[in-house]
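Since the structure comes first, as structure tokens, the remarks are kept for the end.
Just so you know, these numbers come straight off a predicted model, no measurement behind them. In what follows, chains carry the letters A, B, and so on, assigned in the order in which the sequence lines appear, proteins first and then strands, with residues in each chain numbered from 1.
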There are 2 protein chains.
Amino acid sequence: MDIPSKEGFLSNIAYDSVIFGFSGNTLKILILEYHNTGFFALPGGFVKIDEDLNDAVKRGLKERTGLDKIFLEQFYTFGKTSRKDSAAMETILKANGFKVDKQSWLLDRFISVAYYALINYEDVSPQPDELSDSINWYPIDELPPLIFGHDEIVKKAIQTLRDNLERKLVGINLLPSKFTMKELQQVHEAILNKKLRRTTFQRKMLGMEILERHEKQFSGKAHKAPYLYSFNKVTSGQQ
Amino acid sequence: MDIPSKEGFLSNIAYDSVIFGFSGNTLKILILEYHNTGFFALPGGFVKIDEDLNDAVKRGLKERTGLDKIFLEQFYTFGKTSRKDSAAMETILKANGFKVDKQSWLLDRFISVAYYALINYEDVSPQPDELSDSINWYPIDELPPLIFGHDEIVKKAIQTLRDNLERKLVGINLLPSKFTMKELQQVHEAILNKKLRRTTFQRKMLGMEILERHEKQFSGKAHKAPYLYSFNKVTSGQQ
DNA sequence: TTTTATTGTCTCAATTTATTACAATAATAC
DNA sequence: GTATTATTGTAATAAATTGAGACAATAAAA
């Protein structure tokens, strides 16, 4: 079988996406594993000749998660020559039954534009692409080693998410449309990896005047029921 | 004359740099003008096949400014298809006496990784490249219209600089190694485009404990001489 | 010697943030 | 039913930060 054609894609340019979800009080990332190689990597892809870069990333996310409108933000472009790993790529292609030509565009060097996405964990059942075996959620502190320098990309994604958390209140994008104050606090705690003070957190969130209060949620627990909140404006990093 | 050869450069990838300087109490940017076209643009360039992206940008800056170690930070990668302007590029090439081939790589679409640099205005005498006529400082609120979507790049660069100013105290990189508190305040005011309170500003800067105080500067003015300060740790966005 | 303009620092007020306290429940245990 | 338990929402107070003004200390000029 021949390698997928380069036709229609830009050369030397790729994107990678760090897709965050929140479940079991833990921040998780979608990682894919390539068929019969033991190689793990971030989901990524290429840009079509006549496609906006951001649209290419959205297209890839749609294919992987089925989701259309999600929080998505570009955070860095990685361009070190050391990122190239032809041997790993060759292994992956061979494991997928492709005939490998030394001149193949896939063995070439790519500069990768990295994005992070925030999605509601419950909304997705991730789909692997044709080269990969599986795509699964991994807690951010239990990631397998990643190829193609993707470890560094994840590290910077987490740092960016932390930096943006307060300024843009991005954590909301990891929750369902209605959530309790406690859930929001747990998201913040998972991202920052530290405990926050309940009263201060609550006052700060309400003080921002971007939360809308709804009916109470009767949890069945032996205590006062919490209110549900939703976000009352669009916070999207999409340009 | 034939168009410069594509040989040795990555395809579809370029970089653009927004180079800030501070002079006459005003924030300025280096803008180049192409020979006989009336077209203005940011200085940019291409990445060699076996060159790190960051190194390519540093190389370009060195050629334009003669400076080696300067504050440089990547801030966004622009990838809209609408950025392509083959007509303008063709005009530029013709004005430089090149035979233009419709297939030329220079007429192709580029995804541009944008960087901003902060330099000490007095340290440079900018050099135009072979395609351009001149390279000059322009106050940020008196820029000519720029081609290739560079207006948008400048806008985002200024916004990034503002966002980073307090967090990273980047303004220092626009000054000589020794400076007065007043000069530092003027840099901040130029970047934020608003007046700051002298006493509050001074207390905040000194409170950060990253300034070192030196001997007084005798300015020849009829008042108390100010201390000189320098920055006591490296603040570089270089990766 | 006095005047002028600016600098460095202090004080007090205003605002913001942290911490504690406590009343209000929704279910449970008796 | 009534007391108990585990939260939640909010108010009250303390601590920290920031804003605004005051003032003494000059370096040079008048």
Let me know the distance between [atom1] of [X] and [atom2] of [N], rounded to the nearest Å.
| X | N | atom1 | atom2 | value |
| --- | --- | --- | --- | --- |
| B/Met205 | C/dT7 | CE | P | 16 Å |
| A/Phe218 | D/dT7 | CZ | C1' | 14 Å |
| A/Leu184 | D/dT8 | CG | P | 13 Å |
| A/Leu196 | D/dT8 | CG | P | 14 Å |
| B/Phe201 | D/dT17 | CZ | C1' | 17 Å |
| A/His214 | D/dT8 | NE2 | C1' | 18 Å |
| A/Met181 | D/dA6 | CE | P | 23 Å |
| A/Tyr227 | D/dT7 | OH | P | 19 Å |

Determine the contact category for A/Lys204: base if any of its heavy atoms lies under 4.0 Å from a base atom, sugar-phosphate if only primed atoms, P, OP1 or OP2 are that close, otherwise nothing.
nothing
Closest to side chain of [X], choosing from [options]:
| X | options | result |
| --- | --- | --- |
| B/Arg198 | D/dG9, D/dC23, C/dA26 | D/dC23 |
| B/Arg203 | C/dA18, C/dT9, C/dT11 | C/dT11 |
| A/Tyr229 | C/dA26, D/dG9, C/dG8 | D/dG9 |
| B/Lys182 | C/dA18, C/dT7, D/dG19 | C/dT7 |
| B/Gln202 | D/dA27, C/dT9, C/dT20 | C/dT9 |
| A/Thr199 | C/dT9, D/dA11, C/dA27 | D/dA11 |

Thinking salt bridges, do B/Glu215 and B/Lys178 make one under a 4.0 Å N-O criterion?
yes
Note: A/Glu152-A/Arg83 ion pair, threshold 4.0 Å (strictly below)
no
Residue pair A/Lys216/B/His223 against DNA chain C: nearer the 5' end by closest nucleotide is B/His223
Can you confirm whether A/Leu211 sits close enough to A/Phe179 that some side-chain heavy atom of one is under 4.5 Å from a side-chain heavy atom of the other?
yes
N/O (side chain, A/Arg213) to phosphate O (OP1/OP2, D/dT8) under 4.0 Å
no
D/dA20 OP1/OP2 closer than 4.0 Å to side-chain N/O of B/Arg197:
yes
Parallel, tilted or perpendicular: which fits the ring planes of A/Phe110 and A/Phe46, with parallel below 30° and perpendicular above 60°?
tilted
Can you tell which of B/Arg197, B/Lys195, B/Arg162 makes a salt bridge (charged side-chain N to carboxylate O under 4.0 Å, His left out) with B/Glu189?
B/Lys195
Do B/Lys224 and C/dT6 have a side chain to base donor-acceptor pair shorter than 3.5 Å?
no
